[in-house]
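A short worksheet on the structure shown next.
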Number of protein chains: 2
Amino acid sequence: MNLISVTDIKHKISSVGLKATSQRIAIYQAVMKLKNHPTVEMILEEISPLHPSISVGTLYKNLETLVEVSLLEKVKSEEGNYRFEANLDKHNHIYCSNTKEIIDYQDDELDLILFEYFKKKKLKNLKINDIRLQISAERLNINKEISIQ
Amino acid sequence: MNLISVTDIKHKISSVGLKATSQRIAIYQAVMKLKNHPTVEMILEEISPLHPSISVGTLYKNLETLVEVSLLEKVKSEEGNYRFEANLDKHNHIYCSNTKEIIDYQDDELDLILFEYFKKKKLKNLKINDIRLQISAERLNINKEISIQ
DNA sequence: TTATTAAATAGGAATTATTATTGTTTAATA
DNA sequence: TATTAAACAATAATAATTCCTATTTAATAA
Ligand SMILES: [Mn+2]
Ligand SMILES: [Mn+2]
Ligand SMILES: [Zn+2]
Ligand SMILES: [Zn+2]
């Protein structure tokens with residue numbers, strides 16, 4: 001999932017009609033590399049050493065552009081600022097109150113249960129486009145991995 | 001639910017150890033009155049005619065304070081700014097993409113289904129505190145009411 | 001009822017996150 | 001290699017929120 005060559009990234013970017021600039025490639029790569037839905041600041045810190053001249057305006061503009069063409073997704077954090085991710089599959093988010101992480105939680109069985117549940121409901125004047133779970137949780141041991149089986 | 005006297009509001013506020021100032025009462029009343037999870041701006045517009053001298057700093061400070069003592073709740077909108085509500089019951093939110101409304105959706109049966117579903121799961125190093133549904137939808141006819149039965 | 005005092009307020013400055021502007025540079029194409 | 005629309009760096013502007021401080025007020029008790 002993470003092992004994608006620069007050539008592939010270039011193709012991905014140009015296939016949606018965008019110029020494959022070095023800045024855009026670096027930004028897209030950074031979001032793919034960083035876990036837990038990085039903030040703009042975290043993305044800037046990731047790209048700065050190799051690309052110190054990328055301006056914050058360019059970073060914001062590119063993140064917005066990449067979201068528009070569906071190469072990235074934008075997520076609102078509990079704290080109020082935006083965070084980004086390259087995982088485009090339908091999934092839910094676990095918000096860790098102690099670590100401020102946002103962890104992906106994909107569960108097709110659960111999605112089906114919800115789909116069936118709302119299929120039975122009578123919706124008046126309303127079209128549901130998407131249903132996501134927002135799970136507020138905390139990591140018990142900050143140094144250990146979490147899992148849901 | 002909306003018919004609560006000023007005396008009752010005063011009691012509610014002082015019972016959590018806060019001074020029942022005219023500003024605080026007005027702000028709490030305004031959030032109780034306004035539907036669809038008002039923004040700070042909408043709350044200001046509501047209180048301004050009767051209390052033109054309430055400063056924006058006081059408004060922010062009071063909203064924060066009332067959230068801290070659990071008389072109000074803070075909700076983040078899709079647009080990025082915070083919105084407030086006096087409904088403290090556990091409930092889900094329907095985000096209307098066309099009207100930008102946030103509509104409450106309470107469903108005890110669904111809560112139970114989710115509770116049972118996650119009870120079966122093995123959680124490693126994770127404590128779930130709360131699960132909410134975030135429903136993205138659109139009102140088909142903006143002038144008519146919506147409902148889910 | 002009045003005095004005391006900690007809490008709260010008004011008004012405005014400061015900060016933070018994000019967006020807009022503009023002259024210059026560059027990737028794509030022919 | 002020349003052309004050109006798109007993208008860029010730098011920076012100004014905006015919006016939302018938080019912070020600061022001198023002044024006012026609600027609560028309490030003499
Ligand atoms: Mn992710
Ligand atoms: Mn509500
Ligand atoms: Zn995610
Ligand atoms: Zn609500």
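Chain naming here is simple, since letters A, B, ... match the order of the sequence lines and numbering starts at 1 in each. Atoms considered below: every heavy atom in the structure, side chains included; atoms not considered: hydrogens, waters and symmetry mates.
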Rounded to whole Å, please give me the gap between [atom1] in [X] and [atom2] in [N].
{"X": "A:I47", "N": "D:dC8", "atom1": "CD1", "atom2": "P", "value": "11 Å"}
{"X": "A:N62", "N": "D:dA7", "atom1": "CG", "atom2": "C1'", "value": "8 Å"}
{"X": "A:I27", "N": "D:dA7", "atom1": "CD1", "atom2": "C1'", "value": "11 Å"}

Could you go through residues 64-76 of chain B and list every donor-acceptor pair under 3.5 Å that involves a side-chain atom there, pairing it with any protein atom two or more places apart or in another chain?
unit_1	atom_1	unit_2	atom_2	d
B:T65	OG1	B:K61	O	2.8

[Y]/[X] salt bridge by N-O under 4.0 Å criterion:
{"X": "A:D108", "Y": "A:K90", "result": "no"}
{"X": "B:D8", "Y": "B:K10", "result": "no"}
{"X": "B:D107", "Y": "A:K121", "result": "yes"}

**Prompt:** Does B:S14 or A:T65 map to a spot on DNA chain D nearer the 5' end, using the closest nucleotide for each?
**Reply:** A:T65

So, [X] versus [Y]: side-chain donor-acceptor pair below 3.5 Å or not?
{"X": "A:K100", "Y": "A:Y95", "answer": "no"}
{"X": "A:D104", "Y": "A:H37", "answer": "yes"}
{"X": "A:H93", "Y": "B:Q134", "answer": "no"}
{"X": "B:E101", "Y": "B:T99", "answer": "yes"}

**Asked** Got a sec, which pairs hit salt bridge (Lys or Arg N to Asp or Glu O under 4.0 Å) with one end in residues 45-55 of chain B, sequence neighbours left out?
**Response** B:K33-B:E46

**Request:** Select from A:E41 and B:S22 the residue whose nearest nucleotide in DNA chain C is closer to the 5' end of that strand.
**Result:** B:S22

**Asked** Is B:I131 reachable from B:I94 through a run of hydrophobic residues whose side-chain heavy atoms are each under 4.5 Å from the next?
**Response** yes

**Message:** Would A:L63 and A:I27 count as a side chain to side chain contact (heavy atoms under 4.5 Å, CB included) here? Give the steps.
**Reply:** CA-CA 8 Å; A:L63 289 170; A:I27 291 166; 3.8 Å; yes

**Message:** Between B:T58 and B:I54 (side chain of the first, backbone of the second, donor and acceptor by atom type, cut-off under 3.5 Å), is there such a pair?
**Reply:** no

Protein-nucleotides 17-19 of chain D N/O pairs closer than 3.5 Å?
unit_1	atom_1	unit_2	atom_2	d
D:dT17	OP1	B:Y82	N	3.1
D:dT17	OP2	B:Y60	OH	2.7

**Contact interval (first through last nucleotide) of DNA chain C with protein chain A, 4.0 Å heavy-atom** = C:dA17 to C:dA28

Any protein N or O atoms within reach of nucleotides 21-25 of chain D? Criterion: under 3.5 Å, listing atom names and distances.
unit_1	atom_1	unit_2	atom_2	d
D:dT25	O2	B:K19	NZ	3.2

**Prompt:** Counting only heavy atoms not in B:Q106, do more than 12 fall under 6.0 Å of its CD?
**Reply:** yes

**Message:** Using C1' atoms of five pairs at each end, report the bend of the helix from C:dT1-D:dA30 to C:dA30-D:dT1 rounded to 10 degrees.
**Reply:** 30°

